[in-house]
2 protein chains.
Amino acid sequence: METVHTSGRVTMQQVALEAGVSVSTVSKVINGRYGISTATAAHVSSVIERMGYETSLVARSLRNQRTNVIGVLVADFEPFSTEVLKGAADAIRGSGFELVAYSAGGRVDEHVGWERRYLSRLMGTLVDGAVLVTPTITDVLSDGPVVAIDPHTGSTTIPTVTAHNLQGARAGVRHLLELGHTRVGMVTGRADLVSAQLREQGFREALAEAGVAVDESLVVRGAFEADVARDVAHRLLERTDRPSAVFAASDQMALAVLDVARELGIDVPSDLSLVGFDNIPESALSEPPLTTVAQPIREMGRDAVSMLIGLIEGREPADPHHTLGTELVLRRSTRPHGGSS
Amino acid sequence: METVHTSGRVTMQQVALEAGVSVSTVSKVINGRYGISTATAAHVSSVIERMGYETSLVARSLRNQRTNVIGVLVADFEPFSTEVLKGAADAIRGSGFELVAYSAGGRVDEHVGWERRYLSRLMGTLVDGAVLVTPTITDVLSDGPVVAIDPHTGSTTIPTVTAHNLQGARAGVRHLLELGHTRVGMVTGRADLVSAQLREQGFREALAEAGVAVDESLVVRGAFEADVARDVAHRLLERTDRPSAVFAASDQMALAVLDVARELGIDVPSDLSLVGFDNIPESALSEPPLTTVAQPIREMGRDAVSMLIGLIEGREPADPHHTLGTELVLRRSTRPHGGSS
DNA sequence: ATGAAAGCGCTAACAG
DNA sequence: CTGTTAGCGCTTTCAT
């Protein structure tokens, strides 16, 4: 036997050769096309089975316009995006679609607009549509069906799924206020995301409501990433007149603040109350576990994929800007101002 | 909205046409090949920029043998696999590789051997190598570089990354024994995984060590999936002589047991002590939070990808069967036998 | 019922 | 320096 075992993958070519038929016959057998005798079909099938052949997703994608694969494009695999992924997986089950999640290895800052890049690279060839998680640009030229989760400011053209960021932030900050805190600081999120802006606005509204003036020096810019948040937390917590409470625009940042506080010997919640946003699973794992404004992240992923499948199949979404509720989750990172154990 | 989703993608063809050059010239410009005048290069670049062109991953993959993309193949996106993904992302950062995670939408039971299928579909075309998370088959014919996390029994040929399942399970069960429990049950995992077998073995060894006989009727077969675990938990907990403690081979199953216990009015930990395995983030979110044997899942993902990159670049792994330590994490789902609050 | 041939978007010889 | 040509693995007319 002189089968060439060089490159590894079994191609249709090789199956055809082995079965003594043409590639087109093999293709027809695989795709169940008519015009093949039962005998050859059976024979080819057995050869396919024996050789362990599977069609190449890539080659097939290039040829067909429809791939039955949905893409989830993320800047990085972190707690938020992986929660979205779990939700996306829920929605994909039984839909006949497959799911591919794609990330360029966190090299986001290198190139703002990663989502346009990815979209161009995958859409129309690998995937039939995509869910964009926290995209950075405004004008996503729709190369195809796209749904954004937690999108950039001003993207009104593409369907989105978001949480009630404004209300959520307001509830989180009110909680701090009700605890008697008046010097409350905020670590804001990535300035270009609607969600971050709304969370800051909610912070300001809650303070205004309570008649507390915003000390602008207590509002520092984070970036939804832990390392940036650490620097910023240092700035905030090393001041002698540091805040007694901090609202962070994301759990990742809140966790960074918590970490920095520990380093500085500031006890949470005795010396500092802390509220996050997102309710990623990790927020419950910290010491103390984080009080946070929960977004239904999984559900957002699920709804985004459902919407996308609809779009792919030509249905216009009933509600192109789907918004879900938030909920304050009380854990142990907050305490009344001045209150001891 | 009447956006036409038909033609969509800008192709190299169109760029070439627009720039008044041939496709190969465009290709050379994009790939920085020598032999292009600075003038044309600049011109072509500007056209590319203006048209928002990006090369199609698929087309490029088909042509090149190397893609610089690493695949993580999972049966489903659930807490365990997404933790692996976070670790994989850690390892990929700065490596020059991109990461694609692929799942067929949880349709695993339909077709045992999903990993062979996925591997054939992606390897050699889309990805340069792959990490298999909890694969189900023995003989993964290496179509290319592959590393398995938590693999099937008997796969000695491919490199693996695992945790110390035996020791971990032993430690978890010992904890229960030290608490004074003697009727301790176990929900085992997917019988075909080495990890599940070792966890059961650890359970048996710990009991033997303590001189406690195993009541086989208390050992029930789960499947690492929550729904299967629920049935099995019912069987275990509805008996009049139900165990006072249960060791579950995974957190997902432990969480299911917890849920069933609640339904049956059995209080954890007062009436039932429960120990899980994995320490997925969700295990801390339950009420009560779960005592569990922690595996360093992220680290496993990280190590698997590092190993894989080495393999792709032709380096033999120093330790082809890399094993990481486990650690008992005490939370609130266990209590001394007969002990009240 | 089967096969030859074209072409999906791209890259890499090889000519010019 | 630039264009022409030949495929990568597959599907799909269109002949046979």
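Values in this document were obtained by computation on a predicted structure and should not be read as measured data. Residue numbers begin at 1 in each chain, while the letters A, B, ... track the order of the sequences.
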B:Ser45: side-chain contact (heavy atoms from CB on, under 4.5 Å) partners, not counting sequence neighbours: B:Val29
Any side-chain donor near an acceptor of the partner, B:Thr40 and B:Ser37, under 3.5 Å: yes
Closest to side chain of A:Tyr53, choosing from D:dT2, D:dC10, C:dC10: D:dC10
Set of side-chain hydrogen bond (donor to acceptor under 3.5 Å, both in side chains) partners for B:Glu313, sequence neighbours left out: B:Arg315
Spacing between B:Leu57 atom CG and D:dC8 atom P, to the nearest angstrom: 20 Å
Interatomic distance where CE belongs to A:Met12 and P belongs to C:dA4 [whole Å]: 13 Å
side-chain hydrogen bond (donor to acceptor under 3.5 Å, both in side chains) against A:Lys28, all qualifying residues, sequence neighbours excluded: none
Minimum-distance nucleotide (side-chain atoms of B:Ser56 versus D:dC10, C:dC10, C:dT2): C:dC10
Whole-Å gap separating P (C:dG9) and CZ (A:Arg60): 18 Å
Rounded distance (Å) that lies between atom C1' of C:dC8 and atom CZ of A:Arg121: 17 Å
Rounded distance (Å) that lies between atom P of C:dA5 and atom CD of A:Gln13: 14 Å
Sugar-phosphate only, base, or nothing, as touched by A:Thr40 at under 4.0 Å among non-hydrogen atoms: sugar-phosphate
Expected output: side-chain B:Thr82 to main-chain A:Thr82 donor-acceptor under 3.5 Å: no
Structure string for DNA chain D in dot-bracket form, Watson-Crick and G-U at under 3.5 Å, | interchain: ||||||||||||||||
Between C1' of C:dG9 and CE of A:Met123, the distance in whole Å: 17 Å
side-chain contact (heavy atoms from CB on, under 4.5 Å) against A:Ala91, all qualifying residues, sequence neighbours excluded: A:Arg302, A:Val305, A:Ser306
Sugar-phosphate, base or nothing in reach of A:Val21, heavy atoms under 4.0 Å: sugar-phosphate
Any A:Ser37 side-chain N or O less than 4.0 Å from OP1/OP2 of C:dT2: yes
Salt bridge (Lys or Arg N to Asp or Glu O under 4.0 Å) involving A:Arg60 - partner list, sequence neighbours excluded: none
B:Ser22 side-chain proximity, nearest of D:dG9, C:dT2, D:dG3: D:dG3
Residues in side-chain hydrogen bond (donor to acceptor under 3.5 Å, both in side chains) contact with A:Ser56, at least two apart in sequence or another chain: B:Thr125
Minimum-distance nucleotide to A:Ile36 side chain [options: C:dG9, C:dT2, D:dG3]: C:dT2
Gap between atoms CG and C1', on A:Leu62 and D:dC8 respectively (whole Å): 9 Å
5′-ward residue of the pair B:Thr125/B:Gly35 relative to DNA chain D: B:Gly35
Whole-Å distance separating the OH atom of B:Tyr34 from the C1' atom of C:dA12: 17 Å
Are any protein N/O atoms closer than 3.5 Å to N/O atoms in nucleotides 12-16 of chain D? If there are, list each pair with its distance.
unit_1	atom_1	unit_2	atom_2	d
D:dT12	OP2	A:Arg33	NE	3.4
D:dT12	OP2	A:Arg33	NH2	3.3

Short side-chain donor-acceptor distance under 3.5 Å, A:Thr162 and A:Thr160: no
Partner set under side-chain contact (heavy atoms from CB on, under 4.5 Å) for A:Val47, not counting sequence neighbours: A:Val15, A:Glu18, A:Ala19, A:His43, A:Arg50, A:Met51
